[in-house]
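This report concerns only the one structure given below.
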Amino acid sequence: MIKDLSQFVNQEVTLKGWLYNKRSSGKVKFVILRDGTGLLQCVYFKGNVTDEVFELADSLGQESAIEVTGKVKVEPRASGGFELDAYGLKLISESHNYPITPKEHGVEYLMDHRHLWLRSTKQTAILRIRHRLVKAIRDFFDNCGFTLMDPPILTPAACEGTSTLFETNYFDLGKAYLTQSGQLYAEAGAMALGKVYTFGPTFRAEKSKTRRHLTEFWMVEPEVAFADLNNDMDLAEEFLEYIVQTVLKDKEEELKILERDTTLLKNVKKPLPRISYDEAVDILMKNQIEFEYGNDLGGTDETVISNQFDRPVMVHHYPAEVKAFYMKRDPQNDKFALAVDVLAPEGYGEIIGGSQREDNYETLLSRIKEHNLPQEAFEWYLDLRRYGSVPHSGFGLGLERTVAWVCGLDHVRETIPFPRLIYRNTP
RNA sequence: UCCGCGAUAGCUCAAUGGUGGAGCAUUCGGCUGUUAACCGAAGGGUUGCAGGUUCGAGCCCUGCUCGCGGAGCCA
């Protein structure tokens with residue numbers, strides 16, 4: 001593979017891949033090979049190679065699948081530091097009029113050709129960082145005694161009762177919905193295994209049209225028995241530090257390709273600042289932001305607040321009214337929910353939302369009624385409070401928002417191979 | 001659902017109400033060290049759709065379609 005070439009200097013190698021680009025200067029052809037691990041400039045001199053090979057090099061279209069043979073040379077003039085003094089060239093399969101040229105393209109056009117756009121340097125860097133992030137997330141929880149538990153994707157009712165969900169017919173049982181969160185099921189898991197996490201796709205049918213929204217996205221949701229809100233925040237900051245520092249350490253090359261300024265990412269270390277909703281509102285007031293006390297924080301509010309800090313900030317104790325029914329209220333003041341949102345810096349907004357859960361049967365039942373939720377569908381959830389209920393907490397981290405933040409992208413649509421947006425479900 | 005912006009060559013974009021252009025891509029020619037190579041030439045258009053105003057509309061007006069950004073909702 002191209003990434004391993006430093007071990008093969010002055011040796012003959014044969015590599016398979018695709019033609020990324022080519023340049024020519026009469027009797028010299030520069031063929032840039034792409035193999036998924038990097039780029040390699042292959043040099044063909046007329047006279048050093050057969051006429052057939054030279055003509056073939058001349059006729060290749062962008063993204064032709066090829067096999068090249070030559071000697072690896074240290075070459076400061078080539079990007080990457082190595083090049084191939086090439087003499088062999090085989091065509092595996094042709095490519096002509098490749099739709100994505102080395103010049104500029106609009107996002108809409110690139111998204112129409114997403115299946116091909118994925119081959120480009122920037123996109124492969126993003127996909128590798130996404131992969132590393134996913135692995136870091138799994139490693140963190142696996143090493144902390146969590147058990148992975150997969151929740152169902154088809155669910156009988158809304159988890160939180162607020163979002164609009166994708167609906168489908170489920171045989172004779174009526175409607176089923178695509179899950180918007182695995183959390184309620186994770187709570188059942190926490191009562192069985194102590195510490196669990198779910199990690200899978202979730203769906204929202206909201207007509208959200210912003211750079212932070214997808215209709216299908218991935219979320220990781222840890223849930224811990226015998227944990228209160230403070231334990232939850234402790235876990236969140238340790239978790240964030242681990243996954244961000246891991247990517248910084250292992251994906252330096254990819255972050256460089258993306259021209260990511262990693263100054264602020266390096267600050268992602270515990271302790272993260274913790275402020276209450278009231279303190280957050282004070283910050284808004286000091287910055288002359290128009291804001292009605294009691295409302296949830298909007299996108300611009302989050303940006304103003306997070307700009308006050310040099311690392312992610314945790315905002316806790318939100319007004320209970322703007323939060324989900326299952327969140328436990330503060331025993332000191334039941335106007336507030338024991339909830340926490342983690343806001344990423346640089347305007348990336350909420351990447352984590354979590355809370356301590358209501359563990360009292362009577363209270364939870366009355367919340368379900370207040371929110372006009374179908375009690376029958378939540379009987380199993382109420383059982384968790386009937387049989388050995390304990391304080392427990394958890395949070396959800398949006399993978400795509402995290403990838404966008406770490407990569408410094410201005411839209412989550414580039415963080416997932418095939419994004420699903422309200423006006424796009426292809427390719 | 002609401003607010004704002006946009007749609008012109010395969011792509012990215014120009015064009016004062018008066019003969020629709022450029023760069024890249026494609027094809028052909030030139031160049032023995034190119035770095036989104038460069039130089040020369042050629043082909044390439046129902047200006048998103050439907051109406052209207054005007055002697056004349058890519059440009060002005062109305063409606064529609066599609067897209068982008070934001071709000072709300074949320075991770």
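To find a chain, count down the sequence lines: A is the first, B the second, and so on, and within it residues start at 1. Predicted model, so just to flag it, every value in this text is computed and none were measured.
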Answer with base, sugar-phosphate or nothing: what part of the nucleic acid does A:F30 contact at a heavy-atom distance below 4.0 Å? base

Under 4.0 angstrom, heavy atoms only, what part of the nucleic acid is A:D341 near: base, sugar-phosphate, or nothing? nothing

Just to be sure I understand the rule, does A:K29 reach a base, reach only the sugar-phosphate, or reach nothing, if contact means heavy atoms closer than 4.0 Å? nothing

So does A:S208 reach the base of B:C74 with its side chain, donor to acceptor, closer than 3.5 Å? no

Please indicate yes or no: is the ring centre of A:F217 less than 5.5 Å from the centre of the six-membered base ring of B:A75, with the two planes inclined by under 30 degrees? yes

When you measure only distances, ignoring hydrogens and angles, does the side chain of A:H213 come within 3.5 Å of the base of B:C74 through a donor and an acceptor? yes

How many whole angstroms separate atom CG of A:D85 from atom C1' of B:U34? 15 Å

Got a salt bridge between A:K71 and A:E12, using NZ or NE/NH1/NH2 to carboxylate O under 4.0 Å? no

Side-chain-base donor-acceptor pair under 3.5 Å for A:R401 and B:C74: yes

Are there more than 12 heavy atoms of other residues, nucleotides or ligands under 6.0 Å from atom CD of A:E252? no

Mind checking A:T101 for me? I need base, sugar-phosphate or nothing, with any heavy atom below 4.0 Å counting as a touch. sugar-phosphate

Rounded to whole angstrom, note down the P distance from B:U12 over to B:G17. 25 Å

Looking at A:D310 and A:K266, does any basic side-chain N land under 4.0 Å from a carboxylate oxygen? no

Candidate pair A:I129 and A:L258, rule side-chain contact (heavy atoms from CB on, under 4.5 Å), full reasoning: CA-CA 11 Å; A:I129 289 173; A:L258 297 170; 3.7 Å; yes

Proximity to the side chain of A:E83 - top-ranked nucleotide from B:G69, B:G33, B:U1: B:G33

Return whichever of A:K46 or A:V322 has its heavy-atom-nearest nucleotide of RNA chain B closer to the 5' end. A:K46

What interatomic distance, in whole Å, is found between P of B:G52 and the corresponding atom of B:A14? 30 Å

Closest approach to the side chain of A:K209, judged atom by atom: which nucleotide of B:A36, B:A71, B:U34 is it? B:A71

Using Watson-Crick or G-U wobble geometry with both distances under 3.5 Å, which nucleotide pairs with B:C5? B:G67

From A:F199, A:F239, A:Y242, residue fulfilling ring-ring contact (aromatic ring centres under 6.0 Å, His included) relative to A:F141: A:F239

Using the P atoms only, state how far B:A22 lies from B:A42, rounded to an integer number of Å. 10 Å

Could you check whether the rings of A:F325 and A:F378 sit parallel, tilted or perpendicular, using 30° and 60° as the cut-offs? perpendicular

Taking the side chain of A:V43 as heavy atoms from C-beta outward, which of B:G33, B:U12, B:G69 is closest to it? B:G33

When we call it a touch if two heavy atoms are under 4.0 Å apart, what does A:R424 touch: a base, just sugar-phosphate, or nothing? nothing

Check whether NZ of the Lys or CZ of the Arg A:K323 lies under 6.0 Å from the centre of the six-membered ring of A:Y318 and within 45 degrees of that ring's axis. yes

For A:H113, report the nucleic acid contact type (base, sugar-phosphate, nothing); a contact means any heavy atom under 4.0 Å. nothing

If pairing requires Watson-Crick or G-U wobble contacts with both distances under 3.5 Å, which nucleotide is the partner of B:G45? none

With a non-hydrogen cut-off below 4.0 angstrom, is A:S24 in contact with a base, only sugar-phosphate, or nothing? base

In whole angstrom, give me the gap between the P atoms of B:C11 and B:U46. 12 Å

Any strand is fair game: report the nucleotide pairing with B:C38 by Watson-Crick or G-U wobble, both distances under 3.5 Å, or none. B:G30

For A:R211 and A:I32, take the nucleotide of RNA chain B holding the closest heavy atom to each; which residue's nucleotide lies nearer the 5' end? A:I32

Report which part of the nucleic acid A:I352 touches: base, sugar-phosphate, or nothing (heavy-atom distance under 4.0 Å, all strands). sugar-phosphate

Return the pairing partner of B:A50 with a 3.5 Å limit on both distances, Watson-Crick or G-U wobble; otherwise return none. B:U62

Determine which nucleotide pairs with B:C55, using a 3.5 Å limit on both distances of a Watson-Crick or G-U wobble pair. B:G18

Value in whole Å for how far the C1' atom of B:C74 lies from OH of A:Y348: 19 Å

Nearest to the side chain of A:K27, heavy atoms from C-beta on, is which of B:U34, B:C74, B:C31? B:C31

Among B:C68, B:C74, B:G69, which nucleotide has an atom closest to any side-chain atom of A:H411? B:G69

Any strand counts, and the cut-off is 3.5 Å on both contacts for Watson-Crick or G-U wobble. Which nucleotide pairs with B:G10? B:C24

Given B:G33, B:C68, B:A75, identify the nucleotide with an atom nearest to the side chain of A:E75. B:G33

Report which part of the nucleic acid A:Q41 touches: base, sugar-phosphate, or nothing (heavy-atom distance under 4.0 Å, all strands). base

